[in-house]
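Accompanying notes for the structure given below.
Note that these values count all heavy atoms, side chains included, but never hydrogens, waters or copies made by symmetry. Order of the sequence lines fixes the chain letters, A, B, ..., with proteins taken first and strands second; residue numbering starts at 1 for each chain.
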Amino acid sequence: MGEGGIVRSFRYWHEIVLLVLIGVVFAFAQMFEPRFLQLDVQRELSTHIWEIAILCLPMTLIIITAGIDLSVGGMMALCAVTLGMLFQRGLSPWVAATMGIGVATLCGVLNGLVVTRIRVHPLIVTLATMAAFRGAAEGLSLARPVSSFPEAFGWLGQGVWWGLPVPAWCFMGLLLLTASAVGLSRWGSYCYAVGMNPEACRFAAVPVNRVLLGLYAFSGFASGLAAVLFVARRNTAKADIGMGIELLVITAVVTGGVSIFGGRGNLLGMVLGVLLIHETREFVSWRWSRDELNFVVMGLLLILSVLLHRWLTPANRNTS
Amino acid sequence: MKKRSGLGLILVGIALGVGCGGQPGGEGPEGAAPGTAGEDRKVTFYLVPKKKGLPYFSSCAEGARAAAAALGNVELIYDGPTDGSPEKQAAMIETFALKGADVIAVSPNDPDVVGPAMRKAREKGVHVITWDADGVADSREFFVNQATAQAIAYGMVDTMVRDLGGAEVSADVAIVTAYLTAANQNIWIEHMKERLASSASQLNLVAVKPSDEDQKLAFSVTQDLMKAYPAIKGFFGISSVSFPGAAEAVRQAGKTGEILVTGLATPNSMRSYVEDGTVKSVVLWNTAELGYLTVLVGEALATGTLSAGATEFDAGKLGKKKVEGDQVILGDIMVFTKETIGDFDF
Amino acid sequence: MDRFSKSSRWIALMGRNRAYGIFGLITLTVMVATAVSPSFLAPANVNDLLVQAAPIVIMACGVMVVILTAEIDISVGSMMGILAATLGVLTSPRHLDWPVPLAALAIMGLGAGMGAVNGVLVAFGKVPSIIVTLGMLTAFKGGTEFILEGGWITDLPEGLRFLGTGSILSIPISVGVALVVVGFTGWLLSRTSFGRRVYAVGSNQTAALYAGIPVRWVKLLTFTWSGFLVGVAVLVSAPQLSVIDSGFGTGYELLVVTCVVVGGVAISGGVGTVAGVVMATLLMTMISTVLIFLKLGENATYWSRSIQGCFILGAVLLDHWLRSQKRGWGRGES
């Protein structure tokens, strides 16, 4: 029982599993493709993941509250289109970007209001707004792209600052803010509490509605920021950005050990999940150059990471 | 505990091993950085389609493989986004450039989105060319041009006009496109509208509907359009998924011969419709030759036998090809009809 | 046992309530569309609508049973794709050229088998269903590409095409099959002990376990059923078209889940009826057709996705309002 007790009470088995898996990927890379691990290569490949990582921050917290936000791609599209259209009408791209983020945040508030006031399950709300937001972006822009942003704005997405891509600094800044909000204020424990038992929270005077509203608004803000970085990186604002990104984000978050049933998971696991997904994806396409293989490996990896976690912690958790 | 993690590692090994198994014997080049030119170093050539898994691009790749085999010094890798996402295409170009490609030939799915990645690859010393569809200015050295967007669009409108009975016939037509945001299709639609409005046709465009690259949706959208606009006499299916979907809807409605469908697709997927008359003409070009020429142009760039300013390019078994500015011209578009479709199998 | 059947009756009533709301919405939509263009209610159009809805209804019947046990299955879209590709490879004369009945059996069996793999991982591997099926969604997508290898199946045999395009006694085969599946699922859920167990597992898993219900086996069976129905849906929908392409079924997972939850099935399990799901599917498939019949002009095309999203939200809000009218204050959690 002694060892079993330790095994069971240790809370970071999933993080260990992820670290081992990341190590396996790196070991394979070291053996077969040493160039893959070089710093300049890793730095440039990392530009593919920062927007997804930014979206993972609010998604982690929302999933911890047993919610979900499928509309992130739609909010990105709306932000990009706002940014593009305002820029086209002569506004400075920086002002336009701020307005775009504002619009996306408002979309997030809208999600939050429907979830908290009308109490419809977030899956349904965001399933509907996912289509509604993207449709609005298509309708407003008539699906036309806006391109040729000034180079200074492009720096936001393509530039390198102190050895790291600019979007990486955006992510790390946001991660720091989120982590301190979760770790140092009551908001963190509120999130977990809401995810475990919302009814009990209401009796315990936890401001459930304000927590949820804040989180969905944060998700909107993060989507806006991700969209701005994307537009700056690819120099194009169009209504199709972030199509299908919600599944990638959710995959990364649940790979990171965040329970879809709420109340469990942490930011560290999420970061490792994102890293594992990113490195695997890049390594597979680096090594084999067969895109369809990527899908198979990613799908199996997702299941495998959780399966390993289950085996390592027997009888610790049940299915729901 | 130990046993369990051992088991886990074995499983990971199997997962990755399955991956290895999927690819017979390390086809990828072994990380040769550009500039390390040796005696008989091969030219690492990446052929990037808009979307992998389309027979159109697969048949281009066939031609490209034939060219690589004929040249002997080309290591050809054919890979593109399975889901046709422009962002992923750009990411792949970045990966290929880092990996040490000599030539990357891209068919940009969205020139604006892919452009910066192509420019970045050029800065790294990679020869970037476009094929099938052109990119934005200064993102590539040459464009292997089988047909401009304008020629494709005009070609589709003109065959429709001809098949319906000539320039003086007036009728309603509709377009079933891929995604509303699909860059290539949108350029074609612009040019088609231009041609439809010109004196070359009396056709009246009543609707442009997306099919989201879903054949079933193309099918039902066409069904709905036929009923909502009974005067429609022709459909343009301007993606290789929407074309067969639209043709099937017309056939199942029993309107074969009354309503014509035309568009872009490989002959095999349209054969039965051409044979029964639902489709009179399929617009395309010789895809295998396009792939073949692309590889030759890329190899010539990498070995220095082709450079800016050339006016003619010797394309081996394809004969001499004209070079106009920075475009290598393959030839005209082809129109497959009942008489000629039997000669093609791709 | 008596108490149990009472509560399931109450559950059924709530679900039917949602069906009424959607039925109202359908009626309204049909009225508007018919007013603008009378041909909307022409038999040919109704026929096409039903054929279009049939495969989605069939899959929704499977996914709803899974959701009733408080699990979820979002692998159906890619499963559709990989099964369609397999069906094409099996029957096409250029490939394996199997006889159609044999291939049909194989596809249904394969579908059930894939569903069972999902089920085993969920019920016995204790991996949350969203992770298992999200993983399978991704893996199957790649698998389809491996099966087709960049080519499409363009030579489907006539016998197979009949499954998708033919009709018996002037009822299209797909619609007939959908009716049978709906009838059977309805019977399964409301009249059999398996159905009661499904609701029990979804309402309170722990209680179900203590009541001696083999929760794991129930879950395994629901996933198998869902996979089997994907096979059936592929058999009646893939041969509707002459070409099997590599994108077949892409995005259907979200469409099916939307139909199921708009149809009043609680995502937290235990609540929902087949009638609601069928109504919701009809509504969802109708929207895009209605938008074309309304002839709103070219720019409206760009707004159609938005309008569809608002419809979903509208259906849910309407339902919420109806329920709160009935119960004074209500948790419209659905």
Exercise. Is it the backbone or the side chain of B:Arg251 that comes under 4.5 Å from a heavy atom of chain C, or both, or neither?
Worked result: side chain
Seminar exercise, completed: So, the part of C:Ser237 with a heavy atom under 4.5 Å from chain B: the answer is both
For this session: Output yes when C:Asp48 and B:Lys227 qualify as a salt bridge under the 4.0 Å nitrogen-oxygen rule, no when they do not.
Result: yes
For this session: Can you measure from NZ (B:Lys51) to OG (C:Ser246) and round to the nearest 0.5 angstrom?
Result: 5.5 Å
For this session: Taking the side chain as every heavy atom from C-beta outward, state whether C:Thr165 and B:Gln252 have any pair of such atoms under 4.5 Å apart.
Result: yes
Exercise. In terms of side-chain geometry, is the basic nitrogen of C:Asp245 or B:Lys216 positioned less than 4.0 Å from the acidic oxygen of its partner?
Worked result: no
Exercise. Taking atom types as modelled and ignoring hydrogens, do the side chains of C:Thr289 and B:Asp224 form a donor-acceptor contact shorter than 3.5 angstrom?
Worked result: yes
Exercise. So what's closer than 4.5 Å to chain C heavy atoms on B:Val206: side chain, backbone, both or neither?
Worked result: neither
For this session: Report the distance from atom OG of B:Ser269 to atom CD1 of C:Ile244, rounding to the nearest 0.5 Å.
Result: 13.0 Å
For this session: State, yes or no, whether a side-chain contact exists between C:Trp152 and B:Asn268 at a heavy-atom distance under 4.5 Å.
Result: no
Exercise. Which region of C:Ile292, side chain (C-beta onward) or backbone (N, CA, C, O), has a non-hydrogen atom less than 4.5 Å from a non-hydrogen atom of chain B, or is it both or neither?
Worked result: both
Seminar exercise, completed: In short, B:Ser58 meets C:Gly151 closest at the heavy-atom pair OG-N, 4.3 Å
Exercise. Distance under 6.0 Å and angle within 45° of the ring axis: does C:Lys295 meet both against B:Tyr229?
Worked result: yes
Seminar exercise, completed: Honestly, the part of B:Tyr273 sitting under 4.5 Å from a heavy atom of chain C is side chain
For this session: First locate atom CZ of C:Arg161, then atom OG of B:Ser272, and finally report the distance between them rounded to the nearest 0.5 Å.
Result: 7.5 Å
For this session: Rounded to the nearest 0.5 Å, what's the gap from CG on B:Leu217 to OG1 on C:Thr250? Could you check?
Result: 12.0 Å
Exercise. Which atoms of C:Glu145 come close to chain B, meaning under 4.5 Å heavy atom to heavy atom: side chain ones, backbone ones, both, or neither?
Worked result: side chain
Exercise. When you measure from the side chain of B:Gln215 to the backbone N and O of C:Val243, does any donor-acceptor pair fall under 3.5 Å?
Worked result: yes
Exercise. Chain C: which of B:Pro210, B:Gly53, B:Ser240 shares the most heavy-atom pairs with it under 4.5 Å?
Worked result: B:Gly53
Exercise. Salt bridge or not for B:Lys52 and C:Glu149, using N-O below 4.0 Å?
Worked result: no
Exercise. OH of C:Tyr302 to OG1 of B:Thr181: how many Å apart, nearest 0.5 Å?
Worked result: 9.5 Å
Exercise. Taking C-beta and beyond as the side chain, do C:Arg305 and B:Asp212 meet within less than 4.5 Å on heavy atoms?
Worked result: yes
Exercise. Hey, is the main chain of C:Leu49 close enough, under 3.5 Å, to the side chain of B:Gln223 for a donor-acceptor pair?
Worked result: no
